[in-house]
Number of protein chains: 2
Amino acid sequence: MNVQLDQAADKKCAIFESTLKLVRVRGFHGSPMSQIAQDAGVAIGTIYHYFSSKDELLIALFDNCKQKIAKAMFKPAEDHLPYPDRFVAVWTNLVCFYIERPEILSFMEQFFSSPYAAVVYGSGCNIQMKNEMSNFLEQGIGKNHIKPLDINILTAAFMGTVTAAAKRHINGHYAFNETAMREMVSIIWDGIKR
Amino acid sequence: MNVQLDQAADKKCAIFESTLKLVRVRGFHGSPMSQIAQDAGVAIGTIYHYFSSKDELLIALFDNCKQKIAKAMFKPAEDHLPYPDRFVAVWTNLVCFYIERPEILSFMEQFFSSPYAAVVYGSGCNIQMKNEMSNFLEQGIGKNHIKPLDINILTAAFMGTVTAAAKRHINGHYAFNETAMREMVSIIWDGIKR
DNA sequence: CTGATCCAATTGAACGTTCATTCGGTTGGC
DNA sequence: GCCAACCGAATGAACGTTCAATTGGATCAG
């Protein structure tokens, strides 16, 4: 039973990874189910056993990525760092995660700037990540580390700089080493700190 | 002759606008040539008279958008504002432009996070916008208004905050009025100013 | 242990649809 | 009469999805 579940999880995982890989280089557009299946080493029918449609596969993959992102950002070991250090850590964690897994950044961006985004905005299913991020920033305001700006402004500044930095690194415009990342996170930290 | 050119320009323009409209709500994926033609009020064959393929249409549209963006950002009337004011103006101009024309933001984002981006990165065809933006920021460094950070870091911070703010406004998460925009541009300005 | 039964997991050929593109024909200004 | 602009039915390829058939592990009666 356990073995079966693991096999099923493995297959789902393989389908997810193949989808990420293909979507990054070919777009949603150029990633047919037939190629996803071939790349994942399963039959087309198997994908439809786990996901009722291509749309559902992409939405499930989106949820899966969201969880991975949240896990990569907030590490228990860093929970009790002084707030400014923790801010730098969380920002850097996310940039590093995106740099390590460019296909996830690409997928998330394509997803958000596509009609699928409506599915997510419409329902309340992105509450989890929003809350974790919002909580973190609100905590900073509450403890007087951050100016009392609207949470949306803070979130936009945070996420905007993260994705812009990661994209620039990935497309080869600029190598964001440790120094560059510290410089960049300093820009936003200097801008929002009390 | 002049009339003919105008008519041709009108048709190209109609095709561009229809493509933008459709791509925003349906994605590249769900924007068939047949629907673009119908929405633009031309025959499919007419599109192929102006563009040799769908790919070429999308790349031409990308270039067209890039020019519009550059024009919206840098207004001659603001050229001689004190640098800090001009910085705020340029940042705000771009956010406002994207908010007014969400289909252009959506198209650019989809374009950049799709395989088409490689076409653009590969050739040197985005030199113009890069230069205008780079010049502006380098000018700020040269005149001691901005910290001497790498131009890529500055550009990433600038563009990242712009797109994040515009996206948040467009998808209804938060209404970026004049006050909110000033608060947000202050974050990055405080972070990079000398 | 044996063999009967069951069903989730898996397969890929087949189906109908939709797409990008083509091309032979029409129009209208010069 | 010429040619660029324009048209849209026709074409063939590619796509998402279906489904009848197969496998193999789990369950259990005898």
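Within every chain, numbering begins at 1; the chains are lettered A, B, ... in the order of the sequence lines, protein sequences first and strands thereafter.
- With D:dT18, C:dT22, D:dC7 as the choices, the nucleotide that has an atom nearest any side-chain atom of B:Ile44 turns out to be C:dT22.
- Taking 4.0 angstrom as the limit, A:His49 places a side-chain polar atom (N or O) nearer than this to OP1 or OP2 of C:dA9.
- Counting non-hydrogen atoms under 4.0 angstrom, B:Tyr50 reaches the backbone sugars and phosphates but no base.
- In this structure, the CD1 atom of B:Ile36 is 17 Å from the P atom of C:dT18, given to the nearest Å.
- Residues satisfying the side-chain contact (heavy atoms from CB on, under 4.5 Å) test with B:Ser52, not counting sequence neighbours, are B:Glu56.
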Compile the donor-acceptor pairs under 3.5 Å between side chains in residues 80-88 of chain A and protein atoms, sequence neighbours left out, one pair per line.
{"unit_1": "A:Tyr83", "atom_1": "OH", "unit_2": "A:Phe136", "atom_2": "O", "d": "2.6"}
{"unit_1": "A:Arg86", "atom_1": "NH2", "unit_2": "A:Asp79", "atom_2": "OD1", "d": "3.2"}

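- Across the protein-nucleic acid pair, A:Tyr48 atom OH and D:dT17 atom P stand 4 Å apart, rounded to whole Å.
- Under 4.0 Å is where a charged nitrogen must lie from a carboxylate oxygen, and between A:Lys68 and A:Glu100 no such pair does.
- Taking the six-membered ring where the residue is Trp, the centroids of A:Phe107 and A:Phe16 are separated by 6.0 Å or more.
- With rounding to whole Å, A:Phe51 atom CZ is found 15 Å from C:dT10 atom C1'.
- Near DNA chain C, meaning a heavy atom under 4.0 Å away, there are no residues from residues 13-30 of chain B.
- Rounding to whole angstrom units, CE of residue A:Met33 and C1' of D:dT18 are separated by 12 Å.
- Two residues, B:Ser53 and A:Ile47, neighbour DNA chain C, and the one matched to the more 5' nucleotide by heavy-atom proximity is A:Ile47.
- We find that CD of A:Glu56 is positioned 15 Å from P of D:dG16, with the value rounded to whole Å.
- With the nearest nucleotide of DNA chain D identified for both A:Ser31 and A:Gly45, A:Ser31 has the one nearer the 5' end.
- Of the side-chain N and O atoms in A:Lys11, one or more sit less than 4.0 angstrom from OP1 or OP2 of C:dT10.
- Rounded to whole Å, the distance from CD on A:Gln38 to P on C:dT10 is 18 Å.
- A donor atom on one side chain and an acceptor atom on the other are found under 3.5 Å apart for A:Ser106 and A:Gln110.
- When distances are taken from the side chain of B:Ala43 to each of C:dG12, C:dT21, D:dG8, the shortest belongs to D:dG8.
- In terms of heavy atoms, A:Gly160 sits closest to B:Ala164 at CA-CB, 3.7 Å.
- Both A:Ser52 and A:Gln35 sit near DNA chain D, but only A:Gln35 has its closest nucleotide nearer the 5' end.
- At the phosphate of C:dT11, OP1 or OP2 sits under 4.0 Å from a side-chain N or O atom of A:Thr46.
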Worked verdict on A:Arg101 versus A:Glu17 for salt bridge (Lys or Arg N to Asp or Glu O under 4.0 Å): CA-CA 11 Å; A:Arg101 309 244 19 211; A:Glu17 289 301 324; 2.7 Å; yes
